[in-house]
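Here's the structure, in structure tokens; my notes come after.
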2 protein chains.
Amino acid sequence: MILKSQVEWALHCCAILAGLPDGRYLSTKALAEFHGLPKEYLSKALQSLSQARLVDSTLGPSGGYRLSRPPAEITFLDVVEAVEGKERSFVCNNIRANNPCRPEGYCDAGPCAIARIMWDADEAWRASLRAVTLAMLVQSLEKDVPPALWRESFEWVMKRVG
Amino acid sequence: MILKSQVEWALHCCAILAGLPDGRYLSTKALAEFHGLPKEYLSKALQSLSQARLVDSTLGPSGGYRLSRPPAEITFLDVVEAVEGKERSFVCNNIRANNPCRPEGYCDAGPCAIARIMWDADEAWRASLRAVTLAMLVQSLEKDVPPALWRESFEWVMKRVG
DNA sequence: GCTTACATACTCGGATAGTGGATGTCCGAGTAGCAAAGG
DNA sequence: CCTTTGCTACTCGGACATCCACTATCCGAGTATGTAAGC
């Protein structure tokens, strides 16, 4: 049960996109260079974000991606679900139905108790991710990163926005 | 990010083992038959439980597994971690270190903000699983399952315990 | 000098191979129980 | 009838194939930019 590395990449890219001036685009190439990642493969993560309508894309020179909503309106859960999918982490195959003591054609009332508990935990995880927005992430980062590095990184990005 | 089916199997098996009289063993074969699962493969899940010291095993006829502790002292998290491992679901590869603006030999103070948030969510998930014990699971099941089926299943199992 | 048409280069998007872990199966080591033999 | 011995059958545990999903890469469709020609 390990999240794919795409999730990490997507979150870091969203952090950068969240800092862009309104309406400006940043290309996969720039994002890949900034994070030291393979451009071709990173593009798949960004495609997932695009298909989930979290980012807009534009073609041609000075094209790329931008957030489709304000950073305060995009949660970690949005990003994680865009890459990992919205399926619950626990799938119930209802193996209790194989109980040899069951009468023929017996039908269960509700979901199995084990599934309920596992789904509750899954929901706790999602709730935790839903509580954090990209805007909050940027605030955290600004506190962590030294001002000089922060400024230089911003300028590095600004030289490459479309 | 989907849990392996072994987790589901292990939990169902623990539910059965939790209902056994003290000190009695139940074999993989019986557990597999009861749940309609491949005996050979199910044994791998039970091996994981054994290696995690959640169950004891005995060889020979009338051998099998039993819980090594009272059901009230085994949590869902114990079982899930026994099968899935204790590693966090999000691994931080520290890709921020690839930032081209970084001075040479720069060293980060703490873990990256993104990892902190993801790990918080992971901890919320674990906390939710840690709050439920096998004893509580048995209580839930007893409420869900019709008394007749409950009794028959118990007798079915009792005919096979060692 | 301004407008227009065009070639270019750069972008995203989906289709295509390679690899590691989960899935599924097998056989060997070890032991508890049973049966038979002996006292 | 009771004890001892040996065998048998059943158990768990780890070693061995198979398959799917994540990883990684490539090429084609489409467009904004910059240039050059024409007015």
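Chain naming here is simple, since letters A, B, ... match the order of the sequence lines and numbering starts at 1 in each.
As rounded to whole Å, 17 Å separates atom C1' of D/dT23 from atom NZ of A/Lys39. Here the P atom of nucleotide D/dT23 and the CG atom of A/Leu42 are 13 Å apart, to the nearest Å. Computed from coordinates, the B/Glu40 CD to D/dG13 C1' distance equals 12 Å when rounded to whole Å. To the nearest angstrom, P of D/dC10 lies 16 Å from CG of B/Leu26. When rounded to the nearest whole Å, the span between CG of A/Leu37 and C1' of D/dT23 equals 13 Å. In this structure, the OH atom of B/Tyr41 is 11 Å from the C1' atom of D/dC19, given to the nearest Å.
Between A/Tyr41 and A/Trp9, the two ring planes are perpendicular [angle over 60°; tilted spans 30° to 60°]. Ring planes of A/Phe90 and A/Trp119: perpendicular class, angle over 60° (limits at 30 and 60°).
A heavy-atom distance below 4.0 Å to DNA chain D is reached by these residues of residues 44-61 of chain B, ordered by number: B/Gln47, B/Ser50, B/Gln51, B/Ser57, B/Thr58, B/Leu59, B/Gly60.
A salt bridge does not link B/Glu123 with B/Arg88: none of the charged nitrogens is closer than 4.0 Å to a carboxylate oxygen. Note on A/Asp56 versus A/Arg66: salt bridge recorded, some NZ/NE/NH1/NH2 to OD/OE distance being below 4.0 Å. A salt bridge between A/Asp120 and A/Arg116 is absent, with no side-chain N of the basic residue lying under 4.0 Å from a carboxylate O of the acidic one. A salt bridge is absent between A/Lys29 and A/Glu40: the closest approach of a Lys/Arg side-chain nitrogen to an acidic carboxylate oxygen does not fall below 4.0 angstrom. For the pair A/Asp108 and A/Arg102, the salt-bridge criterion is met [side-chain N within less than 4.0 Å of a carboxylate O]. Ion pairing of A/Arg160 with A/Glu155 is absent here, as no side-chain N (NZ or NE/NH1/NH2) approaches a carboxylate O to less than 4.0 Å.
Think of the region where chain A sits on DNA chain C: with heavy atoms and a 4.0 Å cut, that region ends 5' and 3' at C/dC10 to C/dG14.
For A/Arg53, the CZ atom sits in a loose shell: 12 or fewer heavy atoms of surrounding residues, nucleotides or ligands are nearer than 6.0 Å.
Nucleic acid contact for A/Tyr25: none, since no nucleic acid atom lies under 4.0 Å from a heavy atom of the residue.
Across the interface with DNA chain D, nearest-nucleotide mapping of B/Thr28 and A/Gln6 shows B/Thr28 to be the residue nearer the 5′ end. Of the two residues near DNA chain C, A/Ser43 and A/Ser62, the one whose nearest nucleotide lies more 5' is A/Ser62.
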